[in-house]
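If you're wondering where the values come from, they're calculated on a predicted model, not measured in any experiment.
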Amino acid sequence: MLYYIFRFLDQFGISGSHMWSYISFRSILALILALLISAWFGERFIKYMKRRNIAETARDVSIDPFGVEKKGVPTMGGIIIIVSILVPVLLLGRMRNTYLLLMIVTTVWLGFLGFLDDYIKIFRKNKEGLKGKYKIVGQVSIGFIVGLVLYLSPDVVVRENVSVEKQNQEIVVKHDTEAKKSLKTTIPFLKNHNLDYSELMSVFGEHKTAAGWILFVVMTIVVVTAVSNGANLNDGMDGMCAGNSAIIGVALGILAYVSSHIGYASYFDIMYIPGSQELVVFICAFIGAMIGFLWYNAYPAQVFMGDTGSLTIGGIIGVCAVIIHKELLLPILCGIFFVESLSVIIQTQWFKLQKRKGKRVRVFRATPIHDTFRRLDSQLDPTSTYLLKKWPHRPFHESKITIRFWIVTIILAAFTIITLKMR
């Protein structure tokens, strides 16, 4: 909204109005505004929820292993995050940008899905929340919509990095002069690090391009669903998911910016994506919202984000990565989310397998994996055998676990960006 107002005023030579055309100015402003909104609105939201006695009751949050009381902590704090993202974006973004609109739709869609889950848990007193199949349908639906829009929209084009030349002993990457639809995506480590989905479907002959787009849409669905669920599983300790997501957001913001700047795209030998600079505004608002939310969510938490926040966060990360053709970097960048999901899969599948044999055997002390590091021996199921019962050798304080997970995510984020030059 403000972008268009000041662009109109710039025609009359109003001093300072030209600043609004700079992506750096709008992005920094979005970050600051999101942070301030989350801090201001967060305090009022928490007071309102406490007055209404709306707290998490679907899981055991009454007390942690180190004696900190958590009973009565309000949940559904994801509303704070969503409001803090959308307000700056609507004020500062170019609303005609297809990528920005997709991010807004993703935020609202998954926010509503998570809200339904939290509503059922809290107001309907059903600890199971929204049935898993309905969650999957919601996640698959938004993945399908995003993939289809990226396929059909004429505004979604890229200029591929097509050649490498040496000029005065320096390597210079040349981009295609024509912006066009592309099924290529960036993969790490390899010298010519573009993967073409249509080439993977070359078995279909002359129909390989159509088959490639089908594979791309399927990949988009998988990415959005997987990252959304991974973020949801990571939301189990005070500040854990918000902190990790803020760090991931910084990496995505850098990747979005270099993808939108032909000079930096050339330096990193990646595709130039016209229009993706608006994602930087969105991601900066996302980072600001995460940091502001941490003000209240850091240990000991005054509010939980609930599924309203965690499902939305994962969806935002997944869709942004797909838009900038960096979805194959997510296993590295979102390594914590990946390990959290993998630990749950291993635990449940191994337990089911052993149960068929009449045994109760688990692999980890608890899952998701972050719970393993704080679970006391007295909290283990005495009827079960644990393959990794002695790991870790002692429980850690929740805040120590959270900060160490943040450090790991910082390392993974840095490594993700470095992979673009490792070839």
Side-chain angles (χ1 to χ4, degrees), residues 19 21-28 30-31 93-94 97-100 103 150 155-197 199 223 246-287 317-335 409-423:
M19 292 288 293
S21 63
Y22 297 142
I23 196 69
S24 55
F25 175 77
R26 290 190 288 125
S27 297
I28 293 172
L31 189 151
R94 291 178 57 193
N97 184 278
T98 302
Y99 301 134
L100 192 63
M103 297 302 295
L150 293 177
D155 297 325
V156 178
V157 291
V158 304
R159 285 172 58 182
E160 297 177 2
N161 42 327
V162 293
S163 64
V164 178
E165 299 178 2
K166 283 189 176 181
Q167 296 181 5
N168 298 326
Q169 296 183 339
E170 291 186 1
I171 295 176
V172 178
V173 177
K174 297 294 184 180
H175 286 82
D176 198 334
T177 56
E178 180 185 356
K180 59 184 179 181
K181 290 284 187 181
S182 177
L183 279 168
K184 291 184 178 180
T185 190
T186 302
I187 54 176
F189 305 117
L190 301 182
K191 185 174 183 179
N192 297 315
H193 56 311
N194 283 343
L195 174 69
D196 194 331
Y197 286 119
E199 292 302 320
V223 167
I247 296 163
I248 293 170
V250 171
L252 280 177
I254 293 171
L255 292 173
Y257 183 72
V258 299
S259 297
S260 69
H261 190 290
I262 194 164
Y264 291 129
S266 176
Y267 175 75
F268 283 103
D269 190 11
I270 59 177
M271 287 171 281
Y272 166 53
I273 308 173
S276 61
Q277 65 271 13
E278 291 303 313
L279 290 177
V280 182
V281 176
F282 187 96
I283 291 300
C284 281
F286 173 78
I287 296 167
I317 293 170
V319 171
C320 181
V322 169
I323 289 174
I324 60 176
H325 297 253
K326 302 294 182 292
E327 66 271 16
L328 297 185
L329 298 180
L330 286 180
I332 302 174
L333 179 58
C334 300
T409 302
I410 290 171
I411 295 170
L412 292 174
F415 187 65
T416 300
I417 297 171
I418 291 172
T419 58
L420 298 180
K421 297 300 291 183
M422 293 173 60
R423 57 191 190 278

**Prompt:** Would Arg94 and Gln277 satisfy side-chain contact (heavy atoms from CB on, under 4.5 Å), going step by step from the backbone distance to the final call?
**Reply:** CA-CA 10 Å; Arg94 291 178 57 193; Gln277 65 271 13; 4.1 Å; yes
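- Separating the CG atom in Leu183 from the NE2 atom in His325 is a distance of 8.5 Å, to the nearest 0.5 Å.
- Nearest heavy-atom pair, Val281 versus Ala30, reported as atom, atom and distance to 0.1 Å: O-CB, 3.7 Å.
- No donor-acceptor pair under 3.5 Å is formed between the side chain of Thr185 and the backbone N or O of Leu195.
- A donor-acceptor contact shorter than 3.5 Å links the side chain of Lys326 to the backbone of Ile324.
- Using a 4.5 Å cut-off on side-chain heavy atoms (C-beta onward), Leu252 and Leu279 make no contact.
- Atom CZ of Phe268 sits about 8.5 Å away from atom CD1 of Ile254, to the nearest 0.5 Å.
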**Message:** Walk me through whether Ile248 and Thr416 qualify under side-chain contact (heavy atoms from CB on, under 4.5 Å).
**Reply:** CA-CA 10 Å; Ile248 293 170; Thr416 300; over 6 Å; no
**Item:** Chi angles and distances behind the side-chain contact (heavy atoms from CB on, under 4.5 Å) call for Ile187, Asn194
**Value:** CA-CA 6 Å; Ile187 54 176; Asn194 283 343; over 6 Å; no
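- Taking both residues in full, the closest heavy atoms of Gly93 and Leu100 are given as CA-CD2, 3.8 Å, listed atom of the first, atom of the second, then distance.
- At a threshold of 4.5 Å between non-hydrogen side-chain atoms, the residues Ile247 and Leu412 do not count as touching.
- Between Glu160 and Ser182, the shortest heavy-atom distance links the atoms OE2-OG, 2.8 Å.
- With sequence neighbours excluded, the residues satisfying ring-ring contact (aromatic ring centres under 6.0 Å, His included) with Tyr264 are Tyr257, His261.
- Within the 3.5 Å criterion, the main-chain N or O of Tyr197 finds no donor-acceptor partner in the side chain of Glu199.
- Closest heavy-atom contact between Leu330 and Gly318: CD1-CA, 4.3 Å.
- Of all heavy-atom pairs spanning Ala265 and Met271, the tightest one is CB-O, 4.1 Å.
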**Request:** Determine, step by step, whether Ile410 and Val250 satisfy the side-chain contact (heavy atoms from CB on, under 4.5 Å) criterion, reporting the C-alpha distance in whole Å, the side-chain angles of both residues, the deciding distance to 0.1 Å, and the verdict.
**Result:** CA-CA 10 Å; Ile410 290 171; Val250 171; over 6 Å; no
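- Using a 4.5 Å heavy-atom cutoff, the side chains of Asp155 and Tyr99 are not in contact.
- For the pair Ile28 and Cys284, the minimum side-chain heavy-atom distance is 4.5 Å or more.
- Looking only at distances, no side-chain donor or acceptor of Ser266 sits under 3.5 Å from a matching main-chain atom of Ile262.
- Listed here is the closest heavy atom pair of Pro274 and Val157: CD-O, 3.5 Å.
- Ile270 has its side chain out of reach of Leu255: every pair of non-hydrogen atoms, C-beta onward, lies at least 4.5 Å apart.
- For the side-chain contact (heavy atoms from CB on, under 4.5 Å) test with Glu278, the passing option among Ile283, Thr98, Asn97 is Asn97; the others fail.
- Going from atom CD1 of Ile273 over to atom OG of Ser259 covers 4.5 Å, rounded to the nearest 0.5 Å.
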